[in-house]
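Reviewing the structure listed below.
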Protein chains: 2
Amino acid sequence: MATLKDLSKHLDLSVTQVSRALNDHADVSEDTKKRVTKAARELGYTANISARKLKSGRSGIVAMVVAAEEEREMPDVLLAGVIGLSAELSKRGMQFVLHVTTDGDDPVATHRKLCGSGLIDGFLIVNPAPNDARIGLLRSLGVPFAVHGRDADQPDYPYFDVDNHALGFKLTEHLLSLGHRRIALIDGPAHAVFAIRRAAGFQAAYAVAGVEPAQGRVLNVEMTAQKGEEAVATLFEVGGDRPTALIAGNTMIATGIYTALAKRGLSIPDDVSVVAHDDGLPRVPIQDFRPSLTATTSPLADAWGPIADALATRLTPPDRECRQVIVTPELSVRASSATC
Amino acid sequence: MATLKDLSKHLDLSVTQVSRALNDHADVSEDTKKRVTKAARELGYTANISARKLKSGRSGIVAMVVAAEEEREMPDVLLAGVIGLSAELSKRGMQFVLHVTTDGDDPVATHRKLCGSGLIDGFLIVNPAPNDARIGLLRSLGVPFAVHGRDADQPDYPYFDVDNHALGFKLTEHLLSLGHRRIALIDGPAHAVFAIRRAAGFQAAYAVAGVEPAQGRVLNVEMTAQKGEEAVATLFEVGGDRPTALIAGNTMIATGIYTALAKRGLSIPDDVSVVAHDDGLPRVPIQDFRPSLTATTSPLADAWGPIADALATRLTPPDRECRQVIVTPELSVRASSATC
DNA sequence: TCACCAATCCGAAACGTTTCGGGAAATCTT
DNA sequence: AAGATTTCCCGAAACGTTTCGGATTGGTGA
């Protein structure tokens, strides 16, 4: 592989000047910049990232640590994240290290080790828990990171999040306005912040409508069709107090709900109204639902670009900008929700 | 972060000796080795990988490049691969870099660039094409790599592969022995070596049985339930020459076949026999099929360990062993296949 | 007593890059 | 025409590790 020294010999310039030319510094003439970049292309020069990192501290590599069990919990979402983030980072000339921890070993320890290994510029975190330990560690170590979601209301780090409170509120408010009172929210695991916020929005909608909130129920499950089906089973086996409307945390759960209700001979929306949040997962497109599904929409795919940007700007001195984005999804009313 | 120099000061030893102690060299006393490792643990020392790579050429990082469109084609398989490989490499103290190329840019160029970036020890390649260009590049560059599958009969590189010819042969032979003559193989994309080999095994079974091979059909599709369903539609719409038996390339395709036949009111195995190859994908467990599915089985999960080993041994001088493994799956006859 | 050997240790150089502190020549000010 | 400024350039040091070639012991056999 060609090195700076090779280039400098070939061009009869100092190594210094070649380096500065390639990094587009001010005090090198336009002419030499052209010559240098041309020669670099011809000789197939690529900067040695190890050497760069060693000297300057920048490698352009960011990492994400995911637990294998977490992968199993929400495979589609994580897959979308891995692909989306990796692609967006590649576009920005950065590289993406995915580190899967096997069952049993601690993600926080893994972060600590990776920090010490001296080749990673920053981290990406998805699906934070309340008061997330990984975030705590990275903050205390002063290592840059960006988060999909957030573990507090006013975080001091860059993130991209959906307004999950508003999302829960809108879906619930819609159903309440149609006259529903016994509504069940079937959403992701209770240890996920997004589910907690959505549940809060759900409660808030009851409060604003002046309806006794005890009539609402929240079920926390893994976000798969299978679990959605089981949740419906739980809700409808238990005698008289059946819900008249269901809210699904994503379209996979909604799929499960649709099949479970069909199995029971209950029709949508005549017997039960169903609404959902749509992440835009390619595997379960919302157009495929019959009857068409009333839903809030905010594609996961929209998140990866901003998150990559947030981390990239965070990494570039001297400003170390802290970019924070919250998007509020719109509600689209379709055929799956009707008056009670 | 603590460095070797910090340790050497703290222990009143030379940097050299600390390094040699940590790397378990022969000419350092057992006593100092103990002292050094203890101090390293206490001070939280982690070797700086950039520096190590720069000097010694070893970083412990291996990369895999996947194209985004390929991800879309076989999401479950690729996800399983990413998780499995990452986990297995982590176990061996190595790290796994996943690089997703966005639509349009060339995977081969990406490999070349990564080779030049000076931080990757070797590559993993999955799902090779016949005469794979990535393999050609890495070979010519002398960069170590290991392959899941193989692009030739007797490759000169480390790999782990299923005997896809035998697999296609066994499934077809089974159906032929039950009296079936019009058999359709619905398998992965025509540009994948595994599908080509299976098709060859399919043809070979016809030849050995002395049956006119023109009665068999091979369909190449993306390996999803959706595409499996569509394939059945193609096969059964076209008038009189319907197949009496179907072979599915994996359990996702088999799922599609089951639903498509059910929709048409065709029963398994009375009207149509169905057999499949089972990759052990967690999403579509073979136990869930009704009637139970006759299949060859070889879990993808069994591949990642051997592949990680193959690459790891390949990377360790001086021997640079070339480990090559082929497994032959067994056929389990169940309820989905019967006499014609 | 002396050379010799094994067992431990160490200094210094090197990997390829960035960056600090200057320096020479050309151009501009007065 | 002398100083000030701009423009372009360079040498050398440093990042943290590994490794080469030797150096220092204490002990052994002649």
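Naming convention: chains lettered A, B, ... in sequence-line order (proteins, then strands); numbering from 1 in each chain. All values derive from a computational prediction rather than experimental measurement.
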Gap between atoms [atom1] and [atom2], on [X] and [N] respectively (whole Å):
X	N	atom1	atom2	result
B:Asp6	D:dG16	CG	C1'	10 Å
B:Leu11	C:dC10	CG	P	11 Å
B:Asp12	C:dT8	CG	C1'	15 Å
B:Met1	D:dC15	CE	P	17 Å

With [X] via salt bridge (charged side-chain N to carboxylate O under 4.0 Å, His left out) - residues at least two apart:
X	result
B:Arg323	B:Glu321
A:Lys91	A:Glu88
A:Asp12	none
A:Asp31	none

Seminar exercise, completed: Reading nucleotides 17-26 of chain D from 5' to 3' and marking B where a protein heavy atom lies under 4.0 Å of the base, S where only the sugar-phosphate is that close, and - otherwise, the string is BBBB------
Problem set entry | Sequence neighbours excluded, every pair satisfying side chain to side chain donor-acceptor pair (under 3.5 Å) that has a member inside residues 134-148 of chain A | A:Asp132-A:Arg134, A:Arg139-A:Asp156
Exercise. For residues 44-55 of chain B, which residue pairs qualify under side chain to side chain donor-acceptor pair (under 3.5 Å), counting only residues two or more places apart or in two chains?
Worked result: B:Lys53-B:Asp121
For this session: Give the angle between the helix axes at the two ends of the helix from C:dT1-D:dA30 to C:dT30-D:dA1, taking five base pairs at each end and rounding to 10°.
Result: 50°
Exercise. Taking the six-membered ring for Trp, are the ring centroids of A:His99 and B:Phe96 within less than 6.0 Å of each other?
Worked result: no
For this session: Give one of base, sugar-phosphate or nothing for B:Ser50, where a contact means two heavy atoms less than 4.0 Å apart.
Result: nothing
Problem set entry | Pairs meeting criterion salt bridge (charged side-chain N to carboxylate O under 4.0 Å, His left out) with involvement of residues 34-47 of chain A, two or more places apart | A:Lys38-A:Glu42
